[in-house]
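Just follow the structure's listing: the first ligand is 1, and inside any ligand the first atom is 1. Reckoned from all heavy atoms, side chains included, excluding hydrogens, waters and symmetry mates.
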Amino acid sequence: MCGIIGYIGFRDSKEVLLKGLKKIQYRGYDSMGLVIATEQGFKRIRSVGDVRQLRNKVAKQGSCSGSWGLGHSRWATHGAPSEENAHPHKAEHIYVVHNGIIENAEELKAWLKGPFLSETDSEVVAHCLLDSYKQKGSLKGAIFDTISKIKGEYAIAVMSEKYPNELFAFKKGPSLLVGLGEKEIFLSSDVQVFLPYTKKVVFLQDGEVAHVEGENEVSFYSEGGEKIEKRITALDAKAEETDKEGYPYYMLKEIYEQPDCVLNVIGEHIKKQDVEININKGSGILDQVIRQKRLNIVACGSSYYAALYGKYVIERFSRVFVEVDMASEFRYRSPILADQVPVLLISQSGETADTLAVMKMFQELSLPVLSLCNVMHSSLDRGASAHMYMLAGVEKGVASTKAFTSTLVTLFLLALALGKKNGQLGGSEKEQLINSLLSLPDQMEKILARTQEYVDAAHLVRALKSFIYLGRDIYYPLALEGALKMKELTYRHAAAYPAGEMKHGPLALVDENMAIVGLTPQSHVYKKTLGNLEEARSRKGKLILIGTEGDKVASSLSEYFLSIPACNEYLSSILCVLPLQLMAYHTACALGHNVDQPRNLAKSVTVE
Ligand code: AGP
């Protein structure tokens, strides 16, 4: 989960690279680096931390202008976050930036001469290229030779002091795009880097090589070395110029954008007060789900928790059987892939390696893949056979918020659409559910207006070291998401359980040092859940309950009671996510953490 950039063109490459790194630092911010071809020769500058630290370091170097270079944002996989391990890595005249993992790096190191100055697998690529160059006599030949030697997943860009005004790029796995501007060419992991300059892009496929010669010429080669023609795509995405707009962190801004995101999803899938799911290029896939009476949903992290919510609502309203899997488990457990049963892959970034690997499994079996992602033209969006979008706008905070909520609402509407299509959901119930949904944005605004409650709760919570999140039925996936937010942002231990599971073991964890966050809105499982929470309370656990406003019983049990407006239980579970997000956010702030860039994490997990 690193980000790579290359540039050749008429602009000051230092600025292009630094601005580009800011756009992709969500992919990794342990360390950053760039190399620029200046009149005085190649200048490589690297620093730990994010793009601000790198920019400060570049400024101290004095003049550093040139028309071509490489940039990299790193999330450490091999070797600690340090300047020595930061990219670009070099071997004599060859410089590389790399996203991915070279699985046979240690074997390669055994016969390469080195010297190796870092602990990374990426530096081995530079030495492998140098070794091949000395044998083949050309950098292009060296690249094809290196491709035949390295194993793993990689997106790599290369430049050399012996090849002025040339860049090379090759990949297997993580995305690598070529942006074609007027008198300038870009290499990047992410369209956002070059969208401000051009919308013309070539998507490099696995095994292919791009060779940029100057600011106007790029040629492409297949793995076998034959020159090939590549289609140029005109992107319809817009440059998402995002800034914090006065918020202290992107995450808080994105939390407050959620009512608008829900309105986007409603606008996309509700026409004339009725549900009409809008699937781009593949609406027939829902008929296939109905025919097969089955749907697989596969995802990671928060997207997986949203998928669990999807199981509850889809089975409840359509009686279609839903199997939900974590992508990292699904791809290795020899799953039984029933013929023609569609899979829905959910991914905010559309670049999660494990989820993309599942897409590849289904593609190889010619099974239908429906995607739900937030980034148009991402690898998942391009690879699926039918497409839905979260419509949440760019999500910069590593801890997902608005994309998660948009996914829940999309799955809620997908459930109604399937129930409507197969006759399992009666007209009046469907209307009531849609009317409840139409009130959701206003109800979210009410919760978001009560910031002080969460700031106050945070001052209680920050003293607590361990958390149990409990929910039953439709609230259990939200308990999982709440625990993840608390973990990601405060670095404190937080585990979620179905409330009914407490007596089967987790209750042993409860004492006066344990915070129990319970999801107890009015619902068909309200009384049972409250009973479980009272059992925890009788063992001195500190209850923080999220419940329906006016609920005096729940409120009397809790140290802190965070209320949500009364509404249909399938939607009150969605409303619960706001207090869960805000409590984790304010607690992290009270602890002085960098909320947008939590330690050890990155926004897009593009490696296994
Ligand atoms: C969520 O807050 C985390 N950042 C993480 O679990 C994330 O949801 C997961 O990595 C999946 O990402 P994706 O939706 O982009 O595939």
Side-chain angles (χ1 to χ4, degrees), residues 1 3 24-29 75 174-175 189-190 192 249-252 254-255 258 261 297-310 324-331 343-359 369 371-381 383-384 388-408 410-411 469 477-491 494 496 577 580-585 588 593-608:
M1 51 188 94
I24 59 170
Q25 77 175 346
Y26 69 86
R27 300 170 73 92
Y29 36 84
W75 183 86
S175 59
S189 309
D190 185 316
Q192 288 300 332
Y249 288 107
Y250 282 112
M251 182 184 172
L252 190 62
E254 290 153 9
I255 286 174
Q258 290 179 108
C261 298
I297 310 181
V298 183
C300 298
S302 291
S303 295
Y304 167 72
Y305 300 148
L308 289 175
Y309 168 88
V324 179
D325 273 277
M326 281 175 190
S328 56
E329 287 296 303
F330 184 83
R331 62 187 291 199
V343 64
L344 168 59
L345 299 181
I346 303 175
S347 173
Q348 186 288 129
S349 63
E351 298 298 346
T352 297
D354 287 315
T355 308
L356 295 180
V358 172
M359 176 175 73
V369 175
S371 63
L372 173 53
C373 64
N374 194 38
V375 180
M376 290 183 83
H377 308 295
S378 60
S379 301
L380 174 61
D381 183 33
M388 291 194 291
Y389 298 101
M390 296 171 189
L391 307 171
V394 173
E395 186 176 74
K396 309 278 276 190
V398 167
S400 185
T401 50
K402 59 180 185 173
F404 174 76
T405 303
S406 292
T407 304
L408 297 182
T410 305
L411 292 170
Y469 284 68
L478 279 298
L480 287 164
E481 173 63 8
L484 176 61
K485 288 291 147 308
M486 190 58 85
K487 280 189 276 252
E488 282 191 287
L489 297 168
T490 69
Y491 316 152
V577 82
L580 294 169
Q581 293 167 347
L582 286 165
M583 187 163 67
Y585 169 84
H593 291 177
N594 177 342
V595 170
D596 280 339
Q597 297 176 352
R599 70 182 184 188
N600 306 342
L601 302 180
K603 182 65 179 171
S604 176
V605 183
T606 60
V607 292
E608 273 200 74

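By the side-chain hydrogen bond (donor to acceptor under 3.5 Å, both in side chains) test, Glu254 is found to be paired with no residue, residues two or more places apart in sequence or in another chain being considered. Applying the salt bridge (charged side-chain N to carboxylate O under 4.0 Å, His left out) test to Asp381 and every residue at least two apart in sequence or in another chain returns nothing. For Glu481, the side-chain hydrogen bond (donor to acceptor under 3.5 Å, both in side chains) partners at least two apart in sequence or on another chain are Ser302, Lys485.
Of the possible donor and acceptor atoms, none in the side chain of Glu351 sits under 3.5 Å from a partner among the backbone N and O of Pro174.
A heavy-atom cutoff of 4.0 Å around ligand 1 is satisfied by the protein residues Cys300, Gly301, Ser302, Ser303, Ser347, Gln348, Ser349, Thr352, Val398, Ala399, Ser400, Leu484, Lys485, Glu488, Val605.
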Practice item. Give the C-alpha distance, both sets of side-chain angles, the deciding distance and a yes or no for side-chain hydrogen bond (donor to acceptor under 3.5 Å, both in side chains) between Gln258 and Thr401. Key: CA-CA 8 Å; Gln258 290 179 108; Thr401 50; 5.0 Å; no
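Classification of Asp596 and Lys396 as a salt-bridged pair fails, no side-chain N sitting under 4.0 Å from a carboxylate O.
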